Amino acid sequence: MDYLWSLKDLYSSFDGEDFKKDMSALNGILKEYINWVDNTVESSRDIRAALEQFIGIKTRLSELASRLYNFSELSYTVDTKNEKATKNMEILEVKLSSVAEANAKINKWIGSAADIDNAIQASDILKEHEFYLKEIIEKSSHLLDGKQEAIIARMKNTGSSAWLKLKDLLTSTLKVDIELDGEKKQLPLSIIRNMAYESSRELRKKAYEAELASYEKIDDSLSACLNGIKGEVITVAELRGFGSPLEETLFNSRMEAQTLEAMLTAMRESLPAFRKYLRTKGQLLGSKKGLPFFDLFAPMGDLNKKYTYEEAVKIVDENYRTFSSSLADFAKKAIESNWIDVYPREGKIGGAFCQDLHIIGQSRVMLNFGGTFSDIITMVHELGHAYHDECIKNESMLNSDYPMPLAETASTFCETIVKKAAIKAASKEEAFAILEMELSDVTQVIVDIYSRFLFESELFKRRKDGSLSTGELNEIMLWAQKEAYGDGLDPEYMHKYMWACKPHYYTADTNFYNFPYAFGQLFAKGLYAEYEKRGKAFVKDYEALLRVTGKNKIEDVTKMMNIDVRGIDFWRNSLKTIEQDIEKFLELSAEKL
């Protein structure tokens, strides 16, 4: 079994003839697209024919660009010192920014075109892409003129994109000083962060303290990165006529503000239950003032054991099969086809993600596997994303882009499958450990995500008036954690640098990438309740739901399962299932205290 992913299905190498040929071809299609747009906007009278041509050329451009960029970016994420990857990412960003003006022109033309509904209904290819076209019309009202959009796109290359690369380089190459077994060592940040899941409390605390101390080497540089990115986001959002970056995020997420507020209200109502869980876990571990941050991920019960990657693969397969053989067979294919990069190493970015490679009908999953049960759940989560991509792979490229909140649904649903199956097969003590780990994970998705939402909201509010210092960022983070965790956390051991280690804050095009996790968690809870009622008959409807996520608004997707996400009752009911788990944990904990 290979532990490094293979990108050979994309390109042989940066020096290969296949990569060079496509880079050259990209120049041609970019020029073709720009010329076509100019001619169409100036002289086209046949709307149907023009739209069909648009779908064709836009698809070809999107497929080629994504293939080239994904190869470069995936190469970079596992080796941030790869100079060829970095160089080609920058080259591609410049090339792709050259069509910003053309994109604005054609999108505004589509937005103002007369009789577009009749044109769509008269063409099979346009009917297939009706949602895509209607979304362009809706978004056209927030577009600037072509030259302004071109300037923004080009400035991003030396603005937010450059800041992001600097942040990745700083964090992926940061060496953390730590003493282990009497020996002083320097270890990558990703390895130190994995120690949060170790069974030894002394080691967890030592790693936590070493991690916080290590950020002092780079915190001012990271705060400069964050200020640069968020400043750009605020400016662009205002230029495009949005009241705030949050309003723009909801618009791009195809989600109504009413839905978000209903979910956040239910989350706030549930916080006291989570705080009970945190205080009780703290008591079990010997703390009387709430749970120290370094104990948030402490394993409980009999799950302290370490797992090999091969054991993790077996667990994934066995538990996925309790839901469907198609899910399990897909995961097996992904693993055996070397779609996964498994272990942490110097130069590899931290965290985990899944990248859809729609052009070849595949995905790539990056892990930083440390051998804990939590690492297995992370693997399950990312393979859930990959399965979502598998379900949507027969859609056209233009219909494959689903919004952030729905992107977290399949991944969280897969987590639920594995955890529920694992609890059924476990002994009483193992079941307690799995239940606690589930609560630990869901606390991150509800409570910590809420703190991140508060932090980012406050960050944007203050950034409008000027850059924030490292001290101010730390202050806001501690405030947000206190608001969310309350007396569930030990106030002496919090994590003021969470803004420095979470990559989601640093991507200019995905702001507020926090509430989508809560949406995915709670929506998946509702879906799983439906699965428990209907059994295997549910599977086909679930896969059908995943297939249409790229061409519907969120509220219309959830309606397919008779779920109204605008109302607070759905969110309360989903959270009630978690609160029941908390009560069960408190009951079992009483026997141990």
Side-chain angles (χ1 to χ4, degrees), residues 197 297 299-336 339-340 342 352-354 363 365 367-391 407-446 517 520-532 535-536 538-539 542-543 546 574 577-578 581 584-585:
Y197 301 91
F297 308 106
M300 308 287 286
D302 283 347
L303 287 185
N304 294 343
K305 66 170 286 189
K306 288 287 189 176
Y307 297 83
T308 66
Y309 179 63
E310 287 72 19
E311 289 172 326
V313 167
K314 185 178 180 183
I315 289 170
V316 170
D317 182 75
E318 289 175 350
N319 292 321
Y320 270 11
R321 287 193 189 280
T322 65
F323 179 71
S324 77
S325 57
S326 61
L327 174 60
D329 289 343
F330 167 76
K332 184 179 180 182
K333 178 178 73 173
I335 292 161
E336 293 180 350
W339 293 5
I340 305 178
V342 181
F353 69 81
C354 173
S363 297
V365 168
L367 306 175
N368 276 284
F369 188 80
T372 66
F373 192 76
S374 181
D375 286 315
I376 296 175
I377 295 303
T378 297
M379 179 179 175
V380 165
H381 180 99
E382 300 306 337
L383 283 171
H385 282 303
Y387 187 64
H388 192 165
D389 298 334
E390 176 78 0
C391 289
E408 295 303 331
T409 299
S411 53
T412 310
F413 189 87
C414 281
E415 281 191 43
T416 307
I417 292 169
V418 172
K419 289 172 183 173
K420 294 282 188 184
I423 287 174
K424 286 181 182 177
S427 66
K428 182 178 179 181
E429 192 61 26
E430 287 172 337
F432 170 77
I434 295 171
L435 173 62
E436 193 286 319
M437 193 204 71
E438 161 69 359
L439 291 176
S440 175
D441 288 348
V442 81
T443 297
Q444 286 297 294
V445 176
I446 303 300
Y517 285 96
Q521 175 74 244
L522 298 175
F523 184 47
K525 290 282 183 186
L527 290 176
Y528 195 85
E530 189 67 18
Y531 165 58
E532 289 186 312
K536 294 296 182 182
F538 170 84
V539 176
Y542 172 69
E543 291 173 344
L546 295 180
S574 289
T577 66
I578 300 171
D581 285 342
K584 180 66 175 175
F585 172 79

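In this chain, numbering begins with 1 at the start of the sequence shown. A quick note: this is a predicted structure, and the numbers were derived from the prediction, not measured. Reckoned from all heavy atoms, side chains included, excluding hydrogens, waters and symmetry mates.
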Residue set satisfying side-chain hydrogen bond (donor to acceptor under 3.5 Å, both in side chains) with Ser324, at least two apart, ordered chain then number -> Ser326
Under the side-chain contact (heavy atoms from CB on, under 4.5 Å) rule, collect the residues that match up with Ser363, sequence neighbours excluded.
-> Cys354, Asp356, Ala386, Asp389
Does Lys525 come within less than 4.0 Å of Glu438, counting only side-chain N to carboxylate O?
-> yes
Distance col, row Met300:CE vs Ile434:CD1, nearest 0.5 angstrom, shows 14.0 Å
Can you name the salt bridge (Lys or Arg N to Asp or Glu O under 4.0 Å) partners of Glu543, sequence neighbours left out?
-> none
Would you say Thr443's side chain and Leu439's backbone share a donor-acceptor pair under 3.5 angstrom?
-> yes
Can Tyr531 and Thr416 be said to form a side chain to side chain contact (heavy atoms under 4.5 Å, CB included), step by step?
-> CA-CA 11 Å; Tyr531 165 58; Thr416 307; over 6 Å; no
Worked verdict on Met379 versus Val313 for side chain to side chain contact (heavy atoms under 4.5 Å, CB included) | CA-CA 9 Å; Met379 179 179 175; Val313 167; 3.9 Å; yes
So do the side chains of Leu546 and Phe413 get within less than 4.5 Å of each other, counting heavy atoms only?
-> no
Apply salt bridge (Lys or Arg N to Asp or Glu O under 4.0 Å) to Glu390 and list each qualifying residue two or more places apart in sequence or on a separate chain.
-> Lys333, Lys393
Go through the structure and list residues passing salt bridge (Lys or Arg N to Asp or Glu O under 4.0 Å) with Lys428, not counting sequence neighbours.
-> Glu591
To the nearest 0.5 Å, how far apart are NE2 in His381 and CG in Leu367?
-> 11.0 Å
Got a donor-acceptor contact below 3.5 angstrom from the Lys584 side chain to the Phe432 backbone?
-> no
Rounded to the nearest 0.5 Å, what separation is found between the CG atom of Asp581 and the CG atom of Leu435?
-> 5.5 Å
Can you tell me how far the CZ atom of Phe330 sits from the SG atom of Cys391, to the nearest 0.5 Å?
-> 8.5 Å
Could you pull out all residues at least two apart from Glu532 that satisfy side-chain contact (heavy atoms from CB on, under 4.5 Å)?
-> Tyr528
Can you tell me how far OG1 of Thr322 sits from CG of Asp317, rounded to the nearest 0.5 angstrom?
-> 10.5 Å
Look up atom CZ in Phe353 and atom OG1 in Thr378, then write down how far apart they are to the nearest 0.5 Å.
-> 14.0 Å
Contact check, side chains of Phe538 and Leu527, non-hydrogen atoms, under 4.5 Å | yes
Evaluate the side-chain proximity of Leu522 to Ile446: yes if any heavy-atom separation is below 4.5 Å, no if none is.
-> yes
side-chain contact (heavy atoms from CB on, under 4.5 Å) against Glu336, all qualifying residues, sequence neighbours excluded = Lys332
For Asp441, all residues meeting salt bridge (Lys or Arg N to Asp or Glu O under 4.0 Å), sequence neighbours excluded = Lys419
Using the test side-chain contact (heavy atoms from CB on, under 4.5 Å), find all partners of Tyr320 that sit at least two apart in sequence or belong to another chain.
-> Val316, Leu327, Ala328, Ala331, Val380, Leu383, Cys414, Val418
Would you please name every residue forming a side-chain hydrogen bond (donor to acceptor under 3.5 Å, both in side chains) with Gln521, sequence neighbours left out?
-> none
Not counting sequence neighbours, which residues clear side-chain hydrogen bond (donor to acceptor under 3.5 Å, both in side chains) with His388? List them please.
-> Thr549
Are any of the side-chain heavy atoms of Asp375 and Phe369 separated by less than 4.5 Å?
-> yes
Under 3.5 Å, is there a donor-acceptor pair between the Glu408 and Ser411 side chains?
-> yes
Any residue meeting side-chain hydrogen bond (donor to acceptor under 3.5 Å, both in side chains) with Glu530, in chain and number order, not counting sequence neighbours = none
So, Phe323 versus Tyr542, ring centres under 6.0 angstrom or not?
-> yes
